[in-house]
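Notes for the one structure printed next.
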Amino acid sequence: MRAMQLNAYGPASDLALVEADKPRVSADQVLVEVGAAGVNPVDTYIRSGTNNYTASFPHTPGSDGSGTIVEIGSDVTGLTIGQRVYFSRNLTGSSAEFTVCPATHVFPLADSLSFEEGACLGIPYTTAHRALFGRAHAKAGDKVLVHGATGAVGIAAIQLALAAGMTVVASAGTEAGAALLREQGVDAVIMHNEADHLAPYQSLENGFDVIIEMLANHNLDQDLKALGFGGCVAVVGNRGTVEINPRDLMARDASVLGVALANVKPHELDLIAKSLRPLLENGLLKPVVRKTYSLSELPQAHEDVLKSGALGNLVVSIK
Ligand code: NAP
């Protein structure tokens, strides 16, 4: 089968198209013929061995994807050959024609979604759901800031929060990003590269119940001042260290919560998939695919996913 691989940690340009053996499944696994692979920032951390991520080599990047089940392990129940699915984790990499997934991380793909849209669900929507509901316990009527809302997780968080009846303020880094957020129907857009962009919210009366934070090392200190009483910051993304004043937390009975998709248990993943499904079917959730790459263009997708100016998800179509 065709796969993109590299043999040691390195830059995206080290990725090469190779002919690899089709992987085999064990009893609790399924083999998926990949339709599309999602490209997420974590793929670049694993490829380059940064942010505490490691890989074994040869390494085929890609956690997220969607496709069709072509083989099922002897112990697997509830999934069928020929079924359209998406997955939030796999064992052999999704930038390939076939990938092996633990059956616990494979979920039915709604007929209304293309494989490209399905490839946006595993990490972004699951993480956004976990952050909003599993960690921050956000609920209808809450005032939520999605800080860094134009990317894959941010768009998912906006859609989930709006669908649940929250008031959503969302931040962008570019005018194109701001326009995308307005199209998504948020209540207000702010620009995260402008100094003092949180100032209007930095009082107990105007503060947020929940902040979903995509770049905590830049923003956490100011986020804490923009929380209402009892509010919380759910840290989804972070690329460094930050100094905060804990008094900002004390004054508000506020808290900072970590979010890590890797900590979500299989039964919780299943519950999240079940709650996403009707919202995807009735169109309240709709992935925004910014760009689709061919398999051999994966190096460019790895470069692009780290650039500012996000406008939704990047996916690789495996044809
Ligand atoms: P993405 O699609 O690349 O989007 C990155 C987002 O960060 C964009 O909205 C970008 O906005 C925004 N951003 C850039 N500068 C910012 C700033 N100063 N303040 C606030 N936001 C800023 O990435 P993603 O897939 O949405 O993931 C977002 C982050 O969460 C990444 O760091 C990723 O590694 C992490 N993540 C963590 C988990 C977990 O389990 N904890 C899961 C998934 C992702 P502009 O481009 O418009 O400036």
Side-chain angles (χ1 to χ4, degrees), residues 37-48 50-53 61-64 88-89 119-132 134-136 145-160 168-184 186 189-198 208 211-223 226 233-240 242 256-265 268-269 272 287-291 301-315:
V39 179
N40 292 289
V42 68
D43 302 339
T44 72
Y45 313 154
I46 297 170
R47 187 207 71 230
S48 56
T50 51
N51 293 340
N52 298 329
Y53 285 92
S63 299
D64 265 358
S88 63
R89 204 184 124 210
C120 306
L121 302 180
I123 291 181
Y125 280 77
T126 311
T127 301
H129 194 288
R130 171 73 167 175
L132 275 169
R135 298 293 288 136
L145 169 63
V146 183
H147 210 176
T150 52
V153 180
I155 295 286
I158 288 172
Q159 293 179 355
L160 283 163
V168 179
V169 177
S171 86
T174 62
E175 274 311 318
L180 173 63
L181 301 183
R182 284 187 208 100
E183 270 169 38
Q184 292 288 314
V186 300
V189 175
I190 56 176
M191 304 304 289
H192 50 234
N193 295 328
E194 285 176 5
D196 298 332
H197 62 279
L198 292 181
F208 296 100
I211 298 178
I212 305 295
E213 178 55 60
M214 303 303 166
L215 200 57
N217 53 304
H218 270 234
N219 297 322
L220 189 59
D221 172 48
Q222 292 301 312
D223 284 349
V233 180
V235 176
V236 172
N238 181 61
R239 291 177 181 164
V242 59
V256 179
L257 307 165
V259 181
L261 182 59
N263 294 337
V264 184
K265 306 274 183 300
E268 295 170 320
L269 286 176
I272 292 174
V288 174
V289 177
R290 178 192 187 178
K291 187 166 175 189
H302 272 221
E303 300 282 358
D304 291 349
V305 79
L306 293 182
K307 287 181 186 155
S308 60
L311 294 169
N313 271 87
L314 307 183
V315 302

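Every heavy atom of this structure was used, including side-chain atoms; hydrogens, water molecules and symmetry mates were not. Whatever order the structure lists ligands and atoms in, that order sets their numbers, starting from 1.
For His147 and His218, the ring centers sit 6.0 Å or farther from each other.
In terms of the salt bridge (charged side-chain N to carboxylate O under 4.0 Å, His left out) criterion, Arg89 has no residue partners (sequence neighbours excluded). With sequence neighbours left out, the salt bridge (charged side-chain N to carboxylate O under 4.0 Å, His left out) criterion links Lys265 to no other residue. Remark: Ala226 engages Leu198, Tyr201, Gln202, Phe208, Ile211 in a side chain to side chain contact (heavy atoms under 4.5 Å, CB included) (not counting sequence neighbours).
Protein residues having a heavy atom under 4.0 Å from any atom of ligand 1 are Pro41, Tyr45, Ile123, Thr127, His147, Gly148, Ala149, Thr150, Gly151, Ala152, Val153, Ala172, Gly173, His192, Met214, Leu215, His218, Asn219, Val236, Gly237, Arg239, Val259, Ala260, Leu261, Val305, Ser308, Gly309, Ala310, listed by chain and number.
A donor-acceptor contact closer than 3.5 angstrom is absent between the side chains of Arg130 and Tyr125.
Checking side-chain atoms of Asn51 against main-chain N and O of Tyr45 turns up no donor-acceptor pair under 3.5 Å.
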